[in-house]
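Convention: sequence-line order gives letters A, B, ...; per-chain numbering from 1.
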Amino acid sequence: MTSLGRDFFERSVHDIAPELIGTTLLCDGVGGTIVEVEAYDHEDPAAHGFRGRTARNATMFGPAGHAYVYRSYGIHWCLNFVCEDVGVANAVLIRALEPQHGLDAMRQRRGVTEERLLCAGPGRLCQALAITREHDGLPLDEPPFELRAREDEPEIVSGPRIGITKATEKPWRYALAGSRYLSRPLRPHARE
DNA sequence: CACAGGATATACT
DNA sequence: GTATATCCTGTGA
């Protein structure tokens with residue numbers, strides 16, 4: 001089983017994001033296949049790193065292949081993978097997993113039993129995998145994380161990102177075609 | 001469908 | 001200092 005190390009993340013965030021669909025993410029053995037991500041680059045006004053470094057987003061400016069975890073809306077945690085260590089902030093937001101390992105632990109942490117809702121959304125995913133600020137800055141190729149390369153080429157669809165008001169026209173949301181574990185259905189980007 | 005919940009950041013006075 | 005917005009989710013109308 002091939003693990004994705006730092007080299008994988010030393011590239012453009014726009015190359016990396018679609019390639020993450022279909023890879024397997026585990027934290028302490030709990031996790032599953034990544035089915036939904038969004039790309040945020042350093043020129044993106046919707047990205048945290050756009051306006052420069054702060055206490056919250058400092059990890060985004062660090063080495064690639066690490067986890068950037070931030071508090072969202074004061075309540076939830078969101079997990080990102082840091083890309084391209086070139087002195088600016090680039091990251092991929094992990095939005096949804098297809099649960100495959102440690103479902104009992106997920107149900108206990110989430111307080112729901114419906115499998116579809118365990119990891120369908122960035123906040124839910126972090127709760128299910130027990131990801132918090134403790135994991136901010138940790139390398140993705142070392143425990144408790146494990147990131148396994150996909151074995152087959154999945155069918156990927158892209159579309160507009162969710163929950164932002166700036167640069168909404170960028171089709172930088174990527175998802176596994178037909179997956180029932182998405183945070184929201186992806187309406188394929190309309191092409192004129 | 002509307003909206004509360006509340007950390008973090010920015011934009012004002 | 002206060003006000004407003006945010007990479008969201010659960011709950012109740």
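Across the protein-nucleic acid pair, L118(A) atom CG and dT9(C) atom C1' stand 14 Å apart, rounded to whole Å. Look at CD on Q127(A): it is 10 Å from P on dT9(C), rounded to the nearest Å. For R173(A) and dC8(C), the CZ to P distance is 10 Å, given to the nearest whole Å. To the nearest angstrom, P of dT9(C) lies 12 Å from CZ of R116(A). Remark: C1' of dT4(C) and NZ of K166(A) are 11 Å apart, rounded to the nearest angstrom. We find that NZ of K170(A) is positioned 16 Å from P of dC7(C), with the value rounded to whole Å. Separating the CD atom of E36(A) from the P atom of dC7(C) is a distance of 15 Å, rounded to the nearest angstrom. Look at NE2 on H48(A): it is 9 Å from C1' on dA9(B), rounded to the nearest Å.
Under the ring-ring contact (aromatic ring centres under 6.0 Å, His included) criterion, H66(A) pairs with no residue at all, not counting sequence neighbours.
Of the charged side-chain nitrogens involved, none lies within less than 4.0 Å of a carboxylate oxygen, so that E84(A) and R11(A) do not count as a salt-bridged pair. A salt bridge between D41(A) and K170(A) is absent, with no side-chain N of the basic residue lying under 4.0 Å from a carboxylate O of the acidic one. For the pair E153(A) and R150(A), the salt-bridge criterion is met [side-chain N within less than 4.0 Å of a carboxylate O].
Aromatic rings of Y68(A) and F81(A) (six-membered ring for Trp) have centroids beyond the 6.0 Å cut-off, not under it. Taking the six-membered ring for Trp, F50(A) and H42(A) have ring centres at least 6.0 Å apart.
In the set dC7(C), dG5(B), dA7(B), the nucleotide with an atom closest to the side chain of R71(A) is dA7(B). Checked against dC7(C), dG6(B), dA9(B), the side chain of T54(A) finds its nearest nucleotide in dA9(B). Counting only heavy atoms from C-beta on, H76(A) has its side chain closest to dC8(C) among dT10(B), dC7(C), dC8(C). Distance from the side chain of I162(A) is smallest to dC8(C) among dT8(B), dC8(C), dC7(C). For Y70(A), whose side chain is taken as the heavy atoms from C-beta onward, the closest listed nucleotide among dG10(C), dC7(C), dA9(B) is dC7(C).
For Q100(A), the CD atom is densely surrounded, since the number of other residues' heavy atoms within 6.0 Å is greater than 12.
A residue-by-residue look at V112(A) and T165(A) shows that T165(A) has its nearest nucleotide of DNA chain C further toward the 5' end. Of the residues near DNA chain B, R133(A) and I75(A), the one whose nearest nucleotide (by heavy atom distance) lies more toward the 5' end is I75(A). For the pair G163(A) and R124(A), both in contact range of DNA chain C, the more 5′-proximal nearest nucleotide belongs to G163(A).
Nucleotides dC7(C) and dC1(B), compared at atom C1', are 23 Å apart to the nearest Å.
Note: L147(A) CG to L25(A) CG = 6.0 Å, rounded to the nearest 0.5 Å.
Y73(A) does not qualify as a stacking partner of the dT9(C) base, lacking a centre-to-centre distance under 5.5 Å together with planes within 30°.
At the heavy-atom level, S183(A) lies nowhere under 4.0 Å from the strands shown. When heavy atoms are screened at a 4.0 angstrom cut-off, R95(A) is found touching the sugar-phosphate backbone but no base atom. Across all strands, R184(A) comes closer than 4.0 Å to no nucleic acid atom at all (heavy-atom distances). Residue L93(A) is in base contact, counting any heavy-atom pair closer than 4.0 Å across all strands shown.
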(request) Could you summarise the pairing of DNA chain C as dot-bracket text, marking Watson-Crick and G-U pairs under 3.5 Å with ( ) or [ ] inside the strand and | across strands? (result) ||||||.|||||.
